[in-house]
Structures are given as structure tokens and as C-alpha cells.
There are 2 protein chains.
Amino acid sequence: MHKKHNFGAGPCILPPSVMEQAARAVINWRGMGLSILEVSHRSPEFEDVVLKTQLLVRELLAVPDHYSILFLQGGASTQFAMVAMNFLDTGKKAAYLDTGYFAQKAIKEARLFGEVDVFASSGDKDYTYIPVDFNYDKQVAYLHCTSNNTIEGTEMFDFPKGGAPLICDMSSDIFSREINITDFDLIYAGAQKNMGPAGMTLVIAKNEFINQAKKEIPSMMDYQIFRDNMSMYNTPPVFSIYVAMLNLLWLKDQGGVSGIEQKNIAKAKLLYAEIDRNPLFHGTADVEHRSRMNVTFLAVNKEVEAGFLKFAADQGIVGIKGYRTVGGFRASLYNALPLSSVEILVDAMATFEKEYSGKIALELE
Amino acid sequence: MHKKHNFGAGPCILPPSVMEQAARAVINWRGMGLSILEVSHRSPEFEDVVLKTQLLVRELLAVPDHYSILFLQGGASTQFAMVAMNFLDTGKKAAYLDTGYFAQKAIKEARLFGEVDVFASSGDKDYTYIPVDFNYDKQVAYLHCTSNNTIEGTEMFDFPKGGAPLICDMSSDIFSREINITDFDLIYAGAQKNMGPAGMTLVIAKNEFINQAKKEIPSMMDYQIFRDNMSMYNTPPVFSIYVAMLNLLWLKDQGGVSGIEQKNIAKAKLLYAEIDRNPLFHGTADVEHRSRMNVTFLAVNKEVEAGFLKFAADQGIVGIKGYRTVGGFRASLYNALPLSSVEILVDAMATFEKEYSGKIALELE
């Protein structure tokens, strides 16, 4: 069967070469006569994988030495609680920027641990934009934001500077564009978009910041324990880390993050141009906050929506159905999605428009 | 390269047929033209995997309908804190049976949430036995035990009955022998021994029990949220669950848990017989509490220890070095390890003994 064009929002497309290497390692890893699924996480070979993956993250995102790179489990949803458990306490306050579905989940979890000040929200316009004009109390324990809103299709291109410690959920756009790590005190990201398969979570944290965390918390929620044990306090998600390493090596070969960023800009530009041109579709997010990773758009009517979903599926395009709260379409353009897949989607939109206009014209005759 | 005989303690050996199916799914799953690593966890195909895996657990362990089957992340180490976070509180008390390294870790985490009564311990004899004669306060929130002590090589064959709700860490012997689920209120197990690859955690819990859990806890630590969302409150560890399903299908083909239990008894009997016969080695655990999963034994001296490790490695035997606190050897005989591998280890021990005795005799001449 022909390979699909996978626009899914995550777990998402990874490069074919990564899949091939991963499959080989499941049978016989490094010629050891063992599968990657049956090696000890304490073996020198796997310790080497953890170290290499850390170094690749450090190199690709230019992470300074005074930041630690950790691999955890449980996804961003666990981090929603973990950041608050570490840095918020009764009598303390944290500031949260509310930019959508996952930001709200983060807010809900933080409220279990202390006071939460939602100092700005784009909820007044269905989260179609990122608030930019805001004030917040600089004395808060930290400020939390979400760099890319997977469901709403918006992305932050500027981050608050010079205030409280900044914590950012970068699950759906990390490794897609250059960022300045020193703008942040802690970054977390579920791996299953641009880093690797589901089952691991990346944390990049300033040592000075995590040194201030609360002490009386569970070991598996303690950033310092992960740092001090090379992310191997307990059995880590071995296969997910291994595939992440393969994927980051691939990213390095693509010219690194700056190289892939140019490709991502080109892919997004092509698709948004068609959305703006094609009278059957329109985008949902404000133009200046349009996400390069998750392109959300609506059809002019239900007939076009259903018809185009089917038309696209017939051409091997999968994963473009929009999230239920937004509806319409969501095409995710993660790193591993080639420009050629976007060209096929854009061609499908144009072809569908011609056929649909022809059919309408015929009906009107 | 020839396949190894993998006696590793975990992540551990899985059946070759499972590895082959897993590798194929990484390239193209179900002929969908997509890798198992890139499918959405919300796809009907993957929802089917979760459902099938739950049903296999239910069938293989005869789990009654009033128990839920959950798939989490973070391993047993996360459960150490999670059970206490859910069921222990300030002013409440939990009873813990201390049978070794991991039991102590569970105790440490529980102490963050309430009072812990360690009512019996085998620490007086280096954890070489399981305490059987004990009393504890039946009014505690729960009683916690560890069914198999991976490091110390001991296993519980009888469980306290008719007292407080019973919580058991079964990470290293679940699916290896028949158990009566209704003896327990909650069972947890890191998957990376007899269930599947690292990266997922199995929980089997009585609904009535988890309904009593605390409410103001993080969503990702809340058993009820996992139950009410079919273990997909957030992105689950897709690949780990998929491989677990394959492995449980394999187990079913082996005659299920009762079938594999007979094979496990035979493997353990063969190895312990050689340990007891061979003058160069001796077991560390009390005979009546010897683990069928993790066979711990020592050499008569350092020369034999180092010599046999090398001799075994030359025959493709891997993973038998003992844990640093116990020393010597640990041969793990998990479900997927064939009897033929145990025969090869036993032969190696006997051959080594002959060669070593010959060498000693020569030196004495």
C-alpha cells in the first residue's frame, strides 16, 4: 500500500529513515543479538543513547551548560501538575496566560497547589489569537505560557521577558524553530510531535531554578532527582528515547533547527496561501498568530467539509479532520512532513474547488 | 550474530515472534500505510488495541468485572507515590511489609502523605526471606506488599487475607503465575518484565476501592480519571501498549498463565537444583521463598565469580551479573525465556565446575 500523507496532530509523522532504523533495532540492535526492547537501561550501550540524546538536544537548541536536559514520562499533562507541585505552594501565586485548551488544563492542575492568576486570555474570541498587551504581577512564583496551541492553531512568536521565571509548554512546536533558551527557566514538551514517539517528555530547566523547588515531593515528580540520576532514577522509556535520538540525528542532517525552520515556514506559507485564495475555505486564527505547526481552517458549508474530507482521503491524505471543539480541518505540518505532502494537499484543495464549482454551476443551470 | 540467552532483570526478553510483529508494525501497521509510531491514539484502530489489551489482561488473570484495568506511565516508582497520594492522608495510617529494596522505596514515598507502619521486615537477614508471622492494625487505610523482590530473589506465595485493603506491587511476577485477583484491592506493575517493553504501567483496581480515593489530586495521578477515560486522558504510550498486546496474545497461545506457570516452575526447579548441587555456587534466598523469576546466587570466591561471568558470556549468556547490593549472580527466568536457555546456563555451570576443579587439582599437584 502506498505511503500516506500524514497530517495527524500527534502522535505524528516521523521520517521514513527513522522508522526503518527503529524497526531494525527491534529485531537486532547494534549487532548485539538483542532487541532494543530487551536491553537493560543500565547497559553501557543504552546509557550511551541517553547521553547522545541529551547532547543532541543541547546542540540543536543551543542549550547552555547551566540548563539540564531531562527525559520523563507522562506527557505534558503530568507536567501541568509537576511544575506547580515543584514551584507553587499555599500562599504563593503563579501567573498563567490562557491561550486555549491545553493552557486551561495547565491552569486547572496548578490550582491544586496554590493561587493562580490568569492575567490574560484569548477566550473572548474563541482562542483565535495570542494576547500581547498585558500586565502581570512580577512577584509571582512563575509565569506559564503555551508556545503553540495545537487545537486552536495559534502560535506565540514573542515571549514575556525580564519578569518572573518563565515556564513554557512547547509540546507542539519544540525543534520546529529557533528559540532563545535563556528566555525560559523551564521548558517542557511531550515528545510525540517533533521529537519522537509517544511515551516520553522532554524537560529543559535552568539548574538555579530547579534548585529552588520544593523538597518534600514524590521522587518521580522531582526535577532534581531526574537531573541527579541522568533521567534514570527508574526504568526510563527505553524505546521512545532511542527513537528520539534517531529523529534528532535526522534533524541535524536537515540543517538543524534553523534549517527545518525555513522548510516549516515554506510549508505553512504554501498552505495558508491556498486557504486565503480558495473561496471554499477560510482560516480560523488571526493572521499574525497563525501556527506553522497546526493549520486550522473551516469549509464554507457542511457539504464542502464532508466532501473534501472524502476527496482528500482518496488521495492518501490522512489526519486533517479538525478537533471537535473547532471543527473543520486541522493540517499539522510537523518537521517530518515533506513539502511534497503539502503540495498534494494544496492541489487537492484547488482541484476540489474546480469540481465543486462545476457541480454547483451545473445545478444552477 | 547468534541470538543471546537473555537473563536480564528488566527490561527483559520478549518472544522473538513479538519482536518480529513489532518491527513490521513500525514500518507499516495493519497495511494502513502508516507506522504504529505515527498513528493517532484517537484512531479507531488504536482504540481497538487498548480495548483488546484490557480484555487480554482480564481473561489471562481472570479479573472480575468490578475491577478496572488501567494503563499508565512512570513505572512502579510513580505508583509508590500514587497509591499513597490517593489513599493515605494526614492523620491516616498505612501498613507496609518491608521485603527489600523496592518495598523500601514504596515506604519512602508513602511517608510524604501520612503515617506509615512498617509492621514486618526481613531486613534482619538481608531480605533473604519473606516475613510470614506478623500482626498489623486492621484499621489502616491499606496494607502494601511486594509480591516478588527482583533484587533479593524472594517471592511471596501467600498473601494476607481478610484485613485491610491490600495493595500489591507485582512488577516482576505478574503474568508468571496464577493469582486470585479478589485477594487484592489494587495491583500495580511496571510492564517491562512479563507484560511488554518499558514505558507503561499496569494497574488492576477494585472500582469500589478507587471510588474512595482522594479527589483533590493531579489528574495524571487520579485512578478514576484513567478509568473514566479508557486510559486515554492524555496521549498514552502507544507503542508500549501495542507490544504488550502482542505479548499477551503470545502468552494466551502458551496456555495462558496456568500454562506458563508450569514452564516457569520447571525452569526455576532446574536452575535451583544445579545451584544446590554445584559446589561452586549457593543460593541467597531461603528455600521456601525462592523467586521463580529472579534466581540469585553467589560463587564460592571472587575467582569463580569473575571466571564464570566470562565463561557464560562466551556462550551467549547475558544479564546474569547480580545487583550491586547482593553481588554474585541473578538469572531472571521471565516468561519469554525458553527452558533451553536455562539448560544452557545449567550446562555452563556444570562444565565450568569440571574445568575449575581440574585446574585446582592441577595447581595442587
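Per chain, numbering begins at 1; letters A, B, ... match sequence-line order.
- Considering CG of B:Leu112 and NZ of A:Lys215, their distance stands at 13.5 Å, rounded to 0.5 Å.
- Contacts between A:Tyr233 and chain B at a heavy-atom distance below 4.5 Å involve backbone atoms as well as side-chain atoms.
- Within the 4.5 angstrom heavy-atom criterion, only backbone atoms of A:Pro236 (N, CA, C, O) approach chain B.
- Only the backbone of A:Val39 comes within contact range of chain B, with heavy atoms under 4.5 Å apart.
- When each of A:Gly316, A:Ala336, A:Ala81, A:Ser35 is checked for heavy-atom pairs under 4.5 Å with chain B, A:Ser35 comes out on top.
- Here the closest non-hydrogen pair linking B:Ala22 and A:Val26 is CB-CG1, 4.0 Å.
- For A:Val18, no part sits under 4.5 Å from any heavy atom of chain B, backbone or side chain.
- For B:Gln192, the part lying under 4.5 angstrom from a heavy atom of chain A is the side chain only.
- The two residues A:Pro11 and B:His41 make their nearest non-hydrogen contact at CD-ND1, 3.3 Å.
- Comparing B:Gly190, B:Gly8, B:Pro218 by how many heavy-atom pairs each has under 4.5 Å with chain A, the most go to B:Pro218.
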Run the numbers on A:Phe239 and B:Leu37 for side-chain contact (heavy atoms from CB on, under 4.5 Å), then give the verdict. CA-CA 11 Å; A:Phe239 182 73; B:Leu37 304 185; 3.8 Å; yes
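- Looking at A:Met82, neither its backbone nor its side chain comes within 4.5 Å of chain B, counting heavy atoms on both sides.
- Rounded to the nearest 0.5 angstrom, B:Lys105 NZ and A:Ser219 OG are separated by 7.0 Å.
- Interatomic distance, B:Lys321 NZ to A:Ser40 OG, rounded to the nearest 0.5 Å: 12.5 Å.
- Both the backbone and the side chain of A:Glu20 come within less than 4.5 Å of a heavy atom of chain B.
- The CD atom of B:Glu38 sits 11.0 Å away from atom NZ of A:Lys4, with the distance rounded to the nearest 0.5 Å.
- For A:Ile13, the parts sitting under 4.5 Å from any heavy atom of chain B are the backbone and the side chain alike.
- Proximity to chain B (any heavy atom under 4.5 Å) is restricted, for A:Ile217, to the backbone atoms N, CA, C and O.
- Of the atoms belonging to A:Glu109, it is side-chain heavy atoms, and not backbone ones, that fall under 4.5 Å from chain B.
- Distance alone, capped at 3.5 Å, places no donor-acceptor pair between the B:Asn6 side chain and the A:Leu34 backbone.
- Counting heavy-atom pairs closer than 4.5 Å to chain A, the top residue among B:Lys108, B:Arg111, B:Gln73 is B:Gln73.
- For the options A:Val238, A:Val318, A:Ile27, A:Leu14, heavy-atom pairs under 4.5 Å to chain B are most numerous at A:Ile27.
- For A:Ser240, no part lies under 4.5 angstrom from a heavy atom of chain B.
- The distance from the CD atom of A:Gln79 to the CE atom of B:Met220 is 10.0 Å, given to the nearest 0.5 Å.
- The CE atom of B:Met221 lies 5.5 Å from the CE atom of A:Met85; values are rounded to the nearest 0.5 Å.
- Note: B:Cys12 leads B:Cys12, B:Ala9, B:Ala25, B:Gly199 in heavy-atom pairs under 4.5 Å with chain A.
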